[in-house]
There are 2 protein chains.
Amino acid sequence: MNKVNKPATIKEIAKKLKISPSTVSRALNDHPSIGLVTTMRVKKMAEELNYEPNQTAIFFKQRKTFTIAVILPSLSEPFFSFAISEIENVASAQRYTVLMGQSLDDPDREEQILKTFKNHRVDGILMSIGKKTTNLEFIEKLESSGIPVVFFDCVPSLPNINKVQSDLSTGMNEAVDAFVARGHKVIALVNGPKTLPASEDRKVAYLSAMKRNGMDILEKNIIETDLSTEGNEKAMDSIFAMSERPSAIISFNDFVTLDLMKAARNKGLVLNQDIFFISYANYPLWQYMENPPMGRIEQFPGMQARKAAEILFERIENSDVADQQIVFKSRLVM
Amino acid sequence: MNKVNKPATIKEIAKKLKISPSTVSRALNDHPSIGLVTTMRVKKMAEELNYEPNQTAIFFKQRKTFTIAVILPSLSEPFFSFAISEIENVASAQRYTVLMGQSLDDPDREEQILKTFKNHRVDGILMSIGKKTTNLEFIEKLESSGIPVVFFDCVPSLPNINKVQSDLSTGMNEAVDAFVARGHKVIALVNGPKTLPASEDRKVAYLSAMKRNGMDILEKNIIETDLSTEGNEKAMDSIFAMSERPSAIISFNDFVTLDLMKAARNKGLVLNQDIFFISYANYPLWQYMENPPMGRIEQFPGMQARKAAEILFERIENSDVADQQIVFKSRLVM
DNA sequence: CTGTTAGCGCATTCAC
DNA sequence: GTGAATGCGCTAACAG
């Protein structure tokens with residue numbers, strides 16, 4: 001099993017056939033100027049010798065790697081899994097391969113990965129930035145060295161970049177509307193840490209949706225969690241302790257909701273009777289649950305990723321297309 | 001944004017410094033024979049000119065890409081997501097990058113992806129084969145052209161290959177033991193299609209575990225589903241219609257169990273009272289459920305993948321290490 | 001239609 | 001300690 005056969009090269013085919021390497025190269029690439037007979041002979045010999053093009057040589061020579069890179073905070077989160085799968089589909093349809101890295105929300109690691117991808121001379125990068133990423137110089141660096149970057153989901157709030165994101169407010173509006181329509185008087189938001197832009201977006205959307213529905217806005221109805229299970233349980237504790245306890249809760253994401261629901265059950269509350277939930281979806285399991293949350297706000301990770309990939313390939317093909325900022329509406333699904 | 005700066009090369013550094021390119025190359029690689037002063041000067045100039053090594057050239061020259069490839073049936077299934085994440089961790093610790101492809105259980109697509117990876121001259125491949133893959137010649141081809149392949153989870157049943165897999169029987173034993181200990185008399189297996197090796201493995205494990213517990217084995221208690229939701233519902237129908245209806249069900253995987261549970265509820269059965277479930281885990285949500293299955297049989301995808309990656313790197317580093325066939329015990333978790 | 005030549009950027013062997 | 005020369009495998013400009 002350890003006998004390594006060095007694969008045949010164009011040169012060897014040429015020698016066997018007593019023709020020049022360039023002819024062989026052209027024949028293999030179906031260059032129109034090469035005679036049919038020659039082309040056939042070359043291909044036959046290539047077959048016989050088990051010729052396989054050395055892509056590393058081609059990449060080097062062509063200054064093109066037919067590879068895109070994807071860098072995400074995590075490769076194991078369902079939200080990103082859907083994204084990854086779609087990206088692979090788009091890329092493989094374009095005959096590109098996909099390099100992957102996860103930053104784990106560590107800016108240093110993120111930077112390191114980007115550097116590696118850059119040195120690999122990938123043809124483009126798809127990215128969702130980490131929660132703690134603040135230094136955005138890398139974008140200009142990559143773009144100016146000819147590597148297009150398209151962001152999705154977690155995108156920098158810069159103009160003149162290419163990005164695909166979700167408008168959190170539409171789903172929030174629908175969620176608040178739905179709660180109000182069902183007669184809920186106290187609607188709470190269990191939000192993530194203030195440091196996250198994603199939290200700020202949710203808060204703004206919540207305030208506007210509440211106002212739009214003519215609801216009273218009370219600061220105490222905006223509860224913050226650090227997104228850990230303990231944090232979520234504490235959030236439920238504080239909700240439970242409130243005098244005018246909310247009957248409807250919109251939460252940061254599914255993980256939070258699942259913890260809140262569990263905590264609520266433990267306190268003797270009956271789901272979808274004493275208390276109702278809607279969350280920003282990131283963990284698809286509602287269809288299987290006996291007593292699922294009332295609804296979820298979908299952000300369509302697969303669709304976002306697909307669109308981002310399509311934009312990336314547009315930019316790879318044609319380097320001077322205009323910047324694109326796409327916003328998909330989030331939607332309440334019940 | 002479209003001004004593309006061609007990155008500096010070693011040659012340019014050499015010219016600026018009026019020294020030879022080879023010296024620059026050596027200095028950048030901290031070659032001991034280069035004087036400290038020269039090395040410093042070179043590095044400083046490299047910094048100034050924003051030099052970045054052209055990895056495509058290095059890959060080509062060194063016949064090594066510092067890249068491993070991962071090919072899986074699907075990139076969006078949670079089971080594989082965990083695997084991917086672990087692989088990325090191992091690889092990035094070794095300063096390797098990771099190329100990904102999904103076969104979608106299509107043998108042609110799988111073959112195409114493998115070919116691409118081979119032409120990319122990846123240094124090694126991690127693979128879980130598709131459900132319909134029968135032609136295994138590619139293994140020998142890859143190995144003989146110097147690309148080590150390590151399989152995990154869905155592995156070919158060949159000797160002399162490197163693989164990491166899960167022993168389904170240990171968890172099955174524990175599951176049947178647990179049911180018997182709780183007094184269940186009729187324990188059914190809802191299995192996948194006969195065509196899958198994974199189904200055969202489960203069946204063998206089930207038969208042996210039942211026998212080991214002195215239980216009667218009835219053919220009708222082995223129900224087959226095509227794994228679709230409809231198929232799963234039909235499976236529940238047939239269970240419901242049985243005269244000696246099973247009170248305990250071990251099923252192919254979580255998706256099956258979730259459908260069965262839903263169907264059981266719809267028929268008025270009370271979970272964990274009238275009917276109990278254990279399944280091979282592939283979708284982690286039990287901890288969040290109000291009324292979860294009694295248990296799950298864990299196969300530890302992350303651990304399998306990590307081990308497979310470690311073996312791959314061993315083989316990449318040292319091409320003549322012995323073949324390794326690792327089997328991790330599956331375990332019942334309640 | 002085909003051959004000759006050159007060069008991509010780098011590491012490395014051989015000189016000095 | 002440093003420089004000159006070579007070649008990895010391939011494509012493409014130029015020449016016929």
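Naming convention: chains lettered A, B, ... in sequence-line order (proteins, then strands); numbering from 1 in each chain. Keep in mind that what you see is a predicted model, and the values were worked out from it rather than measured. Hydrogens, waters and symmetry mates are skipped; everything else that's a heavy atom, side chains included, is used.
Atom C1' of nucleotide D/dT2 and atom CG of B/Asn29 are separated by 16 Å, given to the nearest angstrom. One atom, NZ of B/Lys15, and another, C1' of D/dT2, lie 19 Å apart when rounded to the nearest Å. At whole-Å resolution of the value, CE in B/Met40 and C1' in D/dT2 are 19 Å apart. Atoms CG (B/Asp30) and C1' (C/dA11) sit 15 Å apart, rounded to a whole Å. We find that CZ of B/Phe59 is positioned 20 Å from P of C/dC8, with the value rounded to whole Å. In this structure, B/Ile10 places its CD1 atom 15 Å from C1' of D/dA4, rounding to the nearest Å. As rounded to whole Å, 14 Å separates atom C1' of D/dA12 from atom CD1 of A/Ile58.
Between the side chains of A/Ser81 and B/Ser76, no donor N or O sits under 3.5 Å from an acceptor N or O.
Distances shorter than 4.0 Å separate some side-chain N or O of B/Ser25 from OP1 or OP2 on C/dA11. Distances shown here put every side-chain N or O of B/Thr23 at or beyond 4.0 Å from the OP1 or OP2 atom of D/dT2. Neither OP1 nor OP2 of D/dG3 sits under 4.0 Å from any side-chain N or O of B/Ser22. Here A/Thr38 reaches the OP1 or OP2 of C/dT2: one of its side-chain N or O atoms lies under 4.0 Å away. Side-chain nitrogen and oxygen atoms of A/Lys11 include at least one within less than 4.0 Å of the OP1 or OP2 phosphate oxygen of D/dC8. At C/dA11, none of the side-chain N or O atoms of B/Arg63 fall inside 4.0 Å of OP1 or OP2 (strictly under the cut-off). Residue B/Asn54 places none of its side-chain N or O atoms closer than 4.0 Å to OP1 or OP2 of C/dC8.
Remark: the B/Arg26 side chain and the D/dG3 base include a donor-acceptor N/O pair separated by less than 3.5 Å. Donor-acceptor pairing under 3.5 Å, judged by distance alone, is absent between the side chain of A/Arg41 and the base of C/dT2.
Relative ring orientation between A/Phe66 and A/Phe59 is described as tilted, the plane-to-plane angle lying within the 30° to 60° band.
Within 4.0 Å (heavy atoms only), A/Thr9 reaches sugar-phosphate atoms of the nucleic acid but no base atom. Across all strands, A/Tyr51 comes closer than 4.0 Å only to sugar-phosphate atoms, never to a base (heavy-atom distances). Residue contacts for B/Pro21: at a heavy-atom cut-off of 4.0 Å it reaches no nucleic acid atom on any strand shown.
B/Lys115 has no carboxylate O lying under 4.0 Å from a charged side-chain N of B/Glu111, or vice versa, which leaves the two without a salt bridge.
D/dC8 has its base stacked against the ring of B/Phe60, the centroids being under 5.5 angstrom apart at an interplanar angle below 30°.
Between the CD atom of A/Glu77 and the CZ atom of B/Phe82 there is a distance of 10.0 Å, given to the nearest 0.5 Å.
When each of B/His31 and B/Lys61 is assigned the nucleotide of DNA chain D bearing its nearest heavy atom, the one mapping closer to the 5' terminus is B/His31.
Nearest heavy-atom pair across A/Lys132 and A/Pro107 is O-CG, 3.7 Å.
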